[in-house]
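Let me begin by presenting the structure, written as C-alpha cells, before commenting on it.
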Number of protein chains: 2
Amino acid sequence: MAQMLTQTLKTEAINTQIGGKIAPARPVSDQFGAIAGHAGLVATEFSYRKDEEIYGEDEPAEYVYQVVSGAVRSYKLLSDGRRQIGAFHLPGDVFGLEPGQTHRLAAEAIIATSVRLVERASLERVAGTDVQVARKLWAMTAGELRHAEDHMLLLGRKTAMERVATFLLEMDRRLAVANMMALPMCRRDIGDYLGLTLETVSRALSQLHAKGILGFSGARQIVLRNRQHLHNLDA
Amino acid sequence: MAQMLTQTLKTEAINTQIGGKIAPARPVSDQFGAIAGHAGLVATEFSYRKDEEIYGEDEPAEYVYQVVSGAVRSYKLLSDGRRQIGAFHLPGDVFGLEPGQTHRLAAEAIIATSVRLVERASLERVAGTDVQVARKLWAMTAGELRHAEDHMLLLGRKTAMERVATFLLEMDRRLAVANMMALPMCRRDIGDYLGLTLETVSRALSQLHAKGILGFSGARQIVLRNRQHLHNLDA
DNA sequence: CGTCCATTTGAGGTGGATCAACCCTAGTGG
DNA sequence: CCACTAGGGTTGATCCACCTCAAATGGACG
C-alpha cells in the first residue's frame, strides 16, 4: 500500500457518500453501506492499474475493500507458481475482509479498477459496539464460505465441461447486462479459477459455441443462448 | 432429527457443564465454551451411529454442534452421486454453524459419534446482545473459510501425492496421539475429501510406506516417520 | 473359522495436460 | 489511415497422471 501515497487519493466521511450510486452493473444490496452507515467511519477511494497487486498473501490486513468499478482476482500460489484463484470480485463486491490479522489470499486488479476502502481497525471498532454491524460482517464471511464450498465441489468432482458451464452461469448472473457478459479476465485466469489449463477452457468454450449454446462477439463478449442446456451440463 | 426422541438424550444448563473436559484427544481451545458461557443457553448431548445422517444438505439449520467423541464428514453431492467432502470434524470441533437458514452441506457420523448441540436460535439471541459472542461466531466461520481456501488450492492445483501428503500432515496435527494417528475414515472418504479415487489414495499411501516415510499398524493406524519429507511433497 | 467389507494391487483406458503452431485483434507508430 | 507488432486466443498432436475395471488379500467381527 506504499504506492498509495503516490496516486490520487480521495477521503471523505462515509456517511456523506454511502447510499449514493456505487456503479455496480446491476442492482446490488450495498453491503458496504450496511456496515458503514456510522459516524466516524471514513471511506477512501483508490485506483489500481491492470495487474497491479492490491495486497499479498499473508500480508497484514489493514483495509477492507469494495470494488467500485473494474475487477479483482483473489488467489493463492504454490512455490512453483501454480495458482488457484479462489474468487473474482466484481463491482459492488466486498473483499479483503478478515477477522484475523492477515490476508489469506493475495489480490490483484484484473483490469483498471477503483475501490472504496475502510480501515479494518475502525470497522472492528464499530463492530465492537454495534451488533448489527457484527452480524453483517459474519454474514459476509459466511457468504464467501458458501461460495468456497460450492467451488470445492466444482474443483474436486466436476468435469472440465461442467466447470466451464458453471462458470458461465455464475458470470452471467453476476455481470450480464442486456443478456451479454463482458468478461474482464483472460483464459488463463478462468483456467486458474476452474482448476484447468487455458487450452481446456478455450476448447470447452469452442465446443459450446459450435453447438450454438453461446455466441461470441470478441473472445470476451459472450451471449448465452441456452441457459437450460448449461444448467444440465452443470450436473 | 426426529429419531432424536428415540435415543438417549441428556439436557443440562450449559454453564454447569462447559469448561469441563470435552474429551478432545489433545488440548483444544473450547470454542463451544467461549460462545456458550451464558445463562439460558442449554446444551444437549446426542449420539449417532456409524454412517447416520446428522442433517441433510439444504435442511433448516436448527442446531449447532460440537463433536464430543467420534468423527463427522460434511459433504455435497452431485445428482449422479459424485461426492465432495468439504471437511472432517473431530473431537472439539464445532460444525453446522450457519448465519443463514439452512445447512450448506450434509453431515454424517463417520463412526459412532456423540455431539453436544445448542439451538441456533438461542445462539443468535445471545449473539444479538453480546458482541464477544458475535465476534466468536464470526471468527469460527472465518476459520472454516480459511480451511476451504486452502482446500481449493489443493483440489484445483495439487498432484495426487501432494494431496495425500497434505492430508496426512493435517490429520497428524489434528488427531495424532503419541506420534500415532488412528484415522476414523475409510479410503473412499479420504478420496472424496481429496478429489481422488480410493485406489489412487491407496497407491499413494503404499508408495509412502515403501519409502519408509510412514508406518502402518493396520490400514488406519499410521505413524509419520518423516514429516519433513511430507512437507516437501506438499509443495 | 468363516463371512464380509475394506484395502491393496494389477492392467488398461482416457480426460485433460503439455507442447507447438497458427490466428486474430487491439494498440502503436509511421 | 494503414502496416506492424505483441499478447491473447484457438486448434492440433501427443503424452501421462489418474481413473476404471478387475481380482486378490487382509482384518474385524460374529
Side-chain angles (χ1 to χ4, degrees), chain A residues 49-51 71 73 78 80-84 110-112 154-168 182-211 214-222 233 235, chain B residues 49-51 71 73 78 80-84 110-112 154-168 182-211 214-222 233 235:
Chain A
R49 290 178 304 274
K50 176 170 149 68
D51 295 325
R73 54 182 173 251
L78 292 174
D80 63 358
R82 280 173 288 172
R83 181 178 67 158
Q84 178 63 43
I110 295 174
I111 54 178
L154 177 148
L155 293 171
R157 290 304 183 209
K158 290 188 183 179
T159 66
M161 185 55 82
E162 288 166 350
R163 294 178 201 211
V164 171
T166 305
F167 171 77
L168 288 169
L183 298 178
M185 72 289 285
C186 65
R187 298 293 188 262
R188 177 175 298 277
D189 286 343
I190 299 172
D192 285 351
Y193 180 59
L194 300 179
L196 301 171
T197 59
L198 64 92
E199 292 94 331
T200 299
V201 172
S202 178
R203 279 185 246 270
L205 290 173
S206 295
Q207 232 176 300
L208 293 171
H209 186 219
K211 285 189 188 169
L214 59 80
F216 282 114
S217 39
R220 299 190 188 182
Q221 299 273 334
I222 298 180
L233 285 178
Chain B
R49 290 177 305 273
K50 176 170 149 67
D51 296 324
R73 55 182 172 251
L78 292 173
D80 63 358
R82 280 172 289 172
R83 182 178 67 159
Q84 178 62 45
I110 296 174
I111 54 178
L154 178 150
L155 293 171
R157 290 304 183 210
K158 290 188 184 180
T159 66
M161 185 55 82
E162 289 167 349
R163 294 179 201 209
V164 170
T166 304
F167 171 78
L168 288 170
L183 297 177
M185 72 290 285
C186 65
R187 298 292 187 265
R188 177 175 298 278
D189 286 343
I190 299 172
D192 285 352
Y193 180 58
L194 299 179
L196 301 171
T197 60
L198 65 93
E199 292 94 333
T200 298
V201 172
S202 177
R203 278 184 247 271
L205 291 173
S206 295
Q207 230 176 300
L208 293 171
H209 186 219
K211 285 189 188 170
L214 59 80
F216 281 113
S217 40
R220 299 191 189 181
Q221 301 272 336
I222 299 181
L233 285 178

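Chain naming here is simple, since letters A, B, ... match the order of the sequence lines and numbering starts at 1 in each.
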Q) C/dC24 C1' sits how many Å from A/Arg187 CZ, rounded? A) 12 Å
Q. Can you check the B/Asp51 CG to C/dC5 P distance for me, whole Å?
A. 12 Å
(Q) Testing the basics here: between A/Arg157 and B/Arg82, what is the closest heavy-atom pair and its distance to 0.1 Å? (A) O-NH1, 2.9 Å
Q) How would you label the contact of B/Gly195 with the nucleic acid (heavy atoms, under 4.0 Å): base, sugar-phosphate, or nothing? A) sugar-phosphate
Q. So what does A/Arg188 hit on the nucleic acid, given a heavy-atom distance under 4.0 Å: a base, only sugar-phosphate, or nothing?
A. nothing
Q.
Expressed as a whole number of angstroms, how long is the span from B/Glu199:CD to C/dG10:P?
A. 14 Å
Q.
Within the 4.0 Å heavy-atom criterion, would you say A/Ser206 contacts the bases, only the backbone, or no part of the nucleic acid?
A. sugar-phosphate
Q) How close do A/Lys158 and B/Leu78 get, heavy atom to heavy atom, and via which atoms? A) CE-CD2, 3.9 Å
Q. How close do B/Leu205 and B/Arg187 get, heavy atom to heavy atom, and via which atoms?
A. CD1-NE, 3.5 Å
Q) Is the phosphate of C/dT25, meaning OP1 or OP2, less than 4.0 Å from a side-chain N or O of A/Arg220? A) no
Q | Nearest-Å distance for atom pair CD/C1', residues A/Gln207 and D/dG9 | A | 16 Å
Q: Work out which heavy atom in B/Thr200 is nearest to a heavy atom in B/Ala160; give both atom names and the distance.
A: CG2-CB, 3.7 Å
Q) Of the candidate nucleotides C/dT8, C/dT18, D/dC19, which contains the atom at the shortest distance from the side chain of B/Thr197? A) D/dC19
**Q.** Interatomic distance, B/Arg163 CZ vs D/dC18 C1' [rounded to whole Å]
**A.** 10 Å
Q) What's the CG-P distance between A/Leu194 and C/dG15, to the nearest Å? A) 19 Å
Q) Using a cut-off of less than 4.0 Å, is there contact between a side-chain N or O of A/Thr200 and OP1 or OP2 of C/dG16? A) no
Q.
Using a heavy-atom cut-off of 4.0 Å across all strands, would you classify A/Leu196 as base, sugar-phosphate, or nothing?
A. sugar-phosphate
Q | Among D/dG9, C/dT7, C/dG16, the one nearest A/Ala160 by side-chain distance | A | C/dG16
**Q.** DNA chain D: 5'-proximal contact among A/Arg157 and A/Met185 (nearest heavy atom)
**A.** A/Met185
Q: Tell me which nucleotide among D/dC18, D/dG9, C/dT8 gets nearest to the side chain of B/Leu198.
A: C/dT8
(Q) In whole Å, I'd like the distance from the CD1 atom of A/Ile222 to the C1' atom of D/dG9. (A) 12 Å
Q: Measure across A/Val164 and A/Ala204 and return the closest heavy-atom pair with its distance rounded to 0.1 Å.
A: CG2-CB, 3.7 Å
Q) Taking OP1 and OP2 of D/dT10, is either one under 4.0 Å from a side-chain nitrogen or oxygen of A/Arg203? A) no
Q. Can you tell me how far P of C/dA26 sits from NZ of A/Lys50, to the nearest Å?
A. 14 Å
